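One structure is given below, encoded as structure tokens.
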Protein chains: 2
Amino acid sequence: MTRASGRRWSRHRERPLTETSATFNALFSPASVAVIGASDNPNKVGGRPIHYMRAFGYAGEVFPVNPAREVIQGYRAYPTLDAIGKTPDAVVIAVSGDATLEQVRQCGAAGVKAAVIMASGFAETGEAGRQRQQELVTVANASGMRVVGPNAQGTANFANGAVLNFSTMFMEVAPQDGPIAIISQSGAASVMPYALLRQAGYGVRYLVATGNDADLDACTMTAAVAADPYVRLILVYLESVSDPAQLAHAAQVARARGASIVAIKAGNSQRGAKAAASHTGALVGNDAAIDAFLARHGIWRARDIGELVRAVPLYLQQRQPGQGRTVVMSHSGAVGVMAADLAERHDLPLTELQPATLRELGGILPEFGTASNPLDMTAALLGKGDMFPRVLHALGADPQADMVMVGIPVAGPGYDVEALARDAAAFSADRAKPLVVSAPQQSVREVFERHGVPAFVTEADAIGALAQYAAHQRLAKGAPTPGWPDAKRLDGSGLQDEAHSLALLAEAGVPAVPHRLCDSVEAALAAFKALGGTPVVVKGCAADIPHKSEHGLVHLRLTDAASVARAAQDCLDTLQRLGVASPRVVVGAMVKGRHEFALGVSVDPLFGPLVMIGEGGTLLELRKDVVTLLAPFTAEDVKAACARLRLAPLFDGYRDIPALDLDALAASAVALGDWALRHRTALVSVDINPLMVMAAGQGVMAVDAVVELKGN
Amino acid sequence: MTRASGRRWSRHRERPLTETSATFNALFSPASVAVIGASDNPNKVGGRPIHYMRAFGYAGEVFPVNPAREVIQGYRAYPTLDAIGKTPDAVVIAVSGDATLEQVRQCGAAGVKAAVIMASGFAETGEAGRQRQQELVTVANASGMRVVGPNAQGTANFANGAVLNFSTMFMEVAPQDGPIAIISQSGAASVMPYALLRQAGYGVRYLVATGNDADLDACTMTAAVAADPYVRLILVYLESVSDPAQLAHAAQVARARGASIVAIKAGNSQRGAKAAASHTGALVGNDAAIDAFLARHGIWRARDIGELVRAVPLYLQQRQPGQGRTVVMSHSGAVGVMAADLAERHDLPLTELQPATLRELGGILPEFGTASNPLDMTAALLGKGDMFPRVLHALGADPQADMVMVGIPVAGPGYDVEALARDAAAFSADRAKPLVVSAPQQSVREVFERHGVPAFVTEADAIGALAQYAAHQRLAKGAPTPGWPDAKRLDGSGLQDEAHSLALLAEAGVPAVPHRLCDSVEAALAAFKALGGTPVVVKGCAADIPHKSEHGLVHLRLTDAASVARAAQDCLDTLQRLGVASPRVVVGAMVKGRHEFALGVSVDPLFGPLVMIGEGGTLLELRKDVVTLLAPFTAEDVKAACARLRLAPLFDGYRDIPALDLDALAASAVALGDWALRHRTALVSVDINPLMVMAAGQGVMAVDAVVELKGN
């Protein structure tokens with residue numbers, strides 16, 4: 001069985017958000033399972049599910065289907081599905097790709113509710129395979145059957161032994177039920193976290209590898225396991241977000257009962273930022289859309305398998321991380337120093353202890369100890385048996401001490417590790433605050449783990465896990481996602497010229513610079529006069545030529561009629577030479593803002609409009625000082641995002657530059673996002689650059705813009 | 001025993017670079033060791049070294065010194081050092097802080113070569129302790145004795161059992177000799193990597209925790225162990241670089257024989273960037289100086305204990321990583337996708353396989369396998385026994401395949417892990433190329449490790465280790481460090497005004513904008529004329545007022561005499577109002593460069609001048625698009641550093657901006673670095689902002705500058 005590396009098929013599905021629970025019951029709690037293509041050899045694909053169901057205590061009926069045998073792995077075998085005489089709830093189809101369609105047809109006809117299709121040779125092999133795959137799904141769905149796969153390793157529910165899955169991993173690493181679910185498009189990526197978790201002693205209930213995602217995809221399966229109240233953490237591996245609406249639904253179900261989703265979206269390297277027509281598209285890429293989408297739905301994005309599983313013990317304890325303000329305590333100064341470095345790297349705030357706490361600690365800690373965070377308890381930790389619980393007690397009373405990291409760099413004779421672990425566990429349970437330990441000695445970690453205290457090998461892992469857990473819990477507390485408005489049409493197609501682009505944006509609610517569109521030198525002179533004789537800019541205006549300055553089509557700071565006439569003539573001539581049918585120029589007021597920003601939109605086919613805000617000007621794409629927001633969003637969202645810009649201090653005033661009009665910038669961004677959302681099916685992208693931002697109270701003004709609509 | 005957290009004392013020592021090997025022989029290979037303050041209890045500080053020397057096979061003589069006992073841990077005890085009747089090579093002084101000085105005096109008088117002082121209560125407690133500490137060292141050195149400590153956990157050589165060290169860790173984690181040395185200012189930070197390495201089966205020869213670094217500091221001890229030809233890797237933990245020259249010497253010794261140094265410099269958070277007078281100082285901070293210093297000397301800077309030990313197996317194998325171009329192979333597409341993401345994150349280049357290699361691979365890989373890097377060998381890896389060695393053979397012939405990562409996300413029945421490991425090990429040994437495996441299953445890693453193949457739990461660790469090893473080996477191949485020229489004086493002190501600053505820089509070799517210094521309106525008008533009537537800028541010029549624009553002291557784009565006169569008068573009035581004794585203005589040509597850069601110097605007291613290059617203008621400190629170089633450096637070094645700027649594409653031409661004069665920028669930076677190095681004892685900082693950079697061939701020009709000299 002093989003999977004095409006990194007290639008998947010994004011389909012925008014129009015299924016209802018909630019699958020019938022009958023389908024999932026059939027897969028995860030079937031009363032009976034047939035295995036078509038069953039093998040007596042437990043090391044073959046068609047043999048492993050049978051072997052696993054027997055070994056892991058599946059109590060339902062198992063029907064091996066294989067015309068060549070009467071008994072398979074001790075079960076009575078049947079020549080065909082029909083020969084069983086009853087309809088199994090679920091079927092594993094483990095025959096070759098060529099034979100799969102006929103089996104799907106038979107299953108559908110028999111009234112089977114759900115099937116796992118293991119054969120490869122479908123969409124991952126190219127267009128012909130994609131068509132064969134579509135046929136499979138059509139045939140199955142026509143009779144009401146849903147399928148996982150093809151090219152799927154399958155599903156498993158270790159709570160009841162319903163293992164419709166052929167991974168060899170379960171031969172090596174014994175399963176155990178637990179409050180974790182793993183959902184993955186890749187078989188390998190499903191069993192890697194499984195192996196790490198099981199080796200660390202954590203139980204896993206569901207393990208699903210969906211393969212080609214032709215019908216019941218990874219997002220839908222995530223929603224399915226999110227509905228199980230026993231599941232507290234869902235780990236997801238995706239190479240494409242095959243069904244954003246289902247994933248959003250899964251997140252909502254999980255969030256509603258305090259469960260968490262951590263997801264890897266792999267394949268982000270070298271992607272997105274290539275070959276996008278708009279600057280915004282080039283800067284933003286598909287990956288930023290995924291980041292924004294996952295964040296909006298309270299899903300933590302892990303960067304690799306290690307990060308996927310690192311904070312698992314914290315998720316399972318479900319203690320409250322508050323604002324994540326952390327106290328680091330150790331009997332080594334070096335641990336404190338390193339932890340402070342790491343906290344800064346991970347954006348984890350260290351607690352500013354209250355004066356009362358400091359006073360209390362001062363009375364407990366020995367002479368050379370440090371009664372400030374990080375707390376250096378020194379080796380005196382050993383001598384005084386009650387110092388550690390007393391310090392914890394003092395911290396427990398401090399409302400700003402949200403989480404605790406205890407570093408035990410070394411222990412040996414004289415260290416009562418058992419007592420330390422017991423006190424740590426009691427504190428964490430009583431105060432309901434997360435507490436973790438970091439210790440390089442396995443013997444030390446084992447004691448803490450036995451007492452239920454999450455234990456990490458290094459300070460880096462401990463701090464990283466705390467930072468992730470606290471940030472994720474904050475993320476998951478975000479506002480619920482508003483729905484999308486009905487999509488509206490827009491006239492026109494392809495790139496719009498500057499004048500029309502500015503007009504569209506003004507309609508959207510983004511103020512444009514005063515300007516006139518002119519088709520002659522005379523009209524340009526009249527415009528110059530109409531604009532009040534202020535300095536003006538004259539620019540060639542043609543939809544086909546979005547990069548005007550590269551063709552000498554921008555004339556700045558014109559202060560007299562002669563210059564305006566010369567510039568207009570020059571632009572009209574150049575446009576004519578470039579083959580533009582009706583050459584025109586824009587004569588605009590020369591606006592000097594306090595700083596040049598850029599505002600843009602890139603409409604992702606799956607996630608909708610992503611709005612980019614950042615420093616503008618010619619060097620936009622080099623400086624890359626931008627933030628992105630998924631529409632719709634509020635002015636507060638914009639302000640929070642803009643606080644992450646390198647240029648953020650400008651909004652409060654910087655040196656001799658007065659505070660900029662962040663309110664106006666936020667209002668324009670919100671208006672643009674709402675407008676883009678309404679017109680998402682017609683719009684490709686928007687580039688506003690520069691958007692002049694004035695001093696506070698004086699607004700913003702779009703000086704140049706290109707809107708691209710679908711079609712051309 | 002305690003250590004003050006994070007505080008250490010930087011001293012600029014004037015010792016010879018090479019200590020007499022007699023000192024190190026006395027510490028690491030003593031014929032006899034006395035322990036003053038010896039205890040019969042192996043769990044006390046004065047008992048542990050004796051216990052360890054007996055337990056770990058120390059073959060020399062051990063002399064416990066304790067007037068209260070006749071026998072200690074089976075050794076004959078002596079009431080005083082003199083009573084021994086011979087002079088031990090090394091002494092452990094484990095008495096209290098108050099009693100230490102007298103023992104040091106007696107050791108020195110007796111002719112002891114080296115002592116480890118364990119007592120705390122010295123410089124880490126404040127000024128009085130610092131003075132007691134200084135007295136200790138003075139007394140010891142006066143008689144030719146060198147000391148490690150005070151407040152030191154001590155030294156250990158596990159090759160011969162000479163353990164002058166009281167860590168409890170060796171009670172728990174048994175030592176074993178090996179080609180690794182650990183040198184640390186912190187006791188805890190010395191035993192944390194030790195525990196991780198020993199638990200992973202690696203041998204460690206030296207383990208030294210130097211404490212307060214009063215005499216033989218961590219840098220000096222690093223140089224000492226670097227001289228042992230058996231040592232291939234030195235892991236260092238520092239909170240301050242106590243003696244840069246010794247660390248540089250250590251790096252040179254190690255590098256000369258192919259050994260490597262990996263160092264943590266902790267305590268970098270929230271440091272450096274505060275309270276620096278110059279913009280350059282504020283931007284650069286002390287941490288950048290440390291980065292630059294370590295990089296220059298081929299020392300890899302690890303960010304935490306995990307990173308410190310991660311690539312150990314690669315260092316010990318010492319295979320050649322070439323240019324680090326890596327081939328990723330797996331039987332899972334997902335591993336390839338994730339490894340590609342990780343390689344991009346770690347700046348590790350993936351190999352572009354040669355056409356001949358691809359052809360050969362095409363003949364080996366199954367239908368669904370991917371004959372491009374990452375290589376997806378699919379589960380067919382299992383079926384064909386010789387596929388893996390054939391693929392490796394094809395890669396071995398490709399000159400661009402420098403390193404290999406094999407991902408084994410899952411193995412079980414049907415996987416011949418033994419054969420995979422054997423083939424992988426043979427390939428790596430025969431081709432002398434680094435090869436690592438990544439596998440979540442401990443059982444799989446164990447097989448590879450048994451065959452000598454470095455094995456990692458996750459792809460992230462495997463890719464991270466390869467990236468570090470390859471980048472470090474390149475770093476260590478850098479040019480040898482040139483010596484420093486004699487320091488020269490500079491007249492003046494404190495902040496220099498613009499005119500004098502530009503004059504100093506012109507002398508250094510940085511071209512300045514044409515300008516005149518004028519003390520009256522008449523002189524300003526004459527200067528306007530002399531500059532050819534071009535647009536000029538008029539600026540107030542006073543050393544006390546470096547931020548001119550904030551006081552309205554900058555008048556740009558003046559094109560007529562009346563404006564010049566008005567501006568000059570305005571500046572002179574303002575300066576007078578600000579209390580400047582002799583108000584003057586600079587009249588300078590208004591130069592329009594292609595882009596505004598900044599060039600600066602911050603002289604670090606330990607590491608010398610650090611030169612900063614980056615985007616200039618008012619927003620310099622917000623945009624932070626800067627690189628730093630430790631003087632001296634070459635034009636090639638500047639170009640390599642500038643390639644890391646976000647604005648780097650400007651040097652090749654970007655959109656309608658022509659290529660900038662990188663040669664001139666590099667020449668100015670080199671000249672400034674050399675000048676700053678010559679004047680390092682007189683100079684505090686230089687800020688040149690803007691440095692106008694013209695189109696290629698047209699040079700650079702300093703438009704404004706502030707030089708700060710020592711004193712005021």
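Within every chain, numbering begins at 1; the chains are lettered A, B, ... in the order of the sequence lines, protein sequences first and strands thereafter. In this text the structure is predicted, and so the values were computed from the model without any measurement.
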Exercise for the section: Could you tell me whether the side chain of D656(A) reaches within less than 4.5 Å of the side chain of H551(B), counting heavy atoms only? Expected result: no

Practice task
Would you check if L650(A) and L619(B) make a side-chain contact, meaning some heavy-atom pair closer than 4.5 Å?
Solution key: yes

Report which part of [X] has an atom under 4.5 Å of a heavy atom belonging to chain B: side chain, backbone, both, or neither.
X	result
A648(A)	neither
D625(A)	neither
R198(A)	neither
Q442(A)	both
I657(A)	side chain
F170(A)	neither
S184(A)	neither
Q441(A)	both

Practice task
Measure across L622(B) and R646(A) and return the closest heavy-atom pair with its distance rounded to 0.1 Å.
Solution key: O-CB, 3.5 Å

Fill in the blank from the handout: Closest heavy-atom pair, P413(B) versus E172(A), reported as atoms and distance to 0.1 Å, is CD-OE2, 3.8 Å

Exercise for the section: Can you sort out the partners of F456(B) under ring-ring contact (aromatic ring centres under 6.0 Å, His included), two or more places apart, ordered by chain and number? Expected result: none

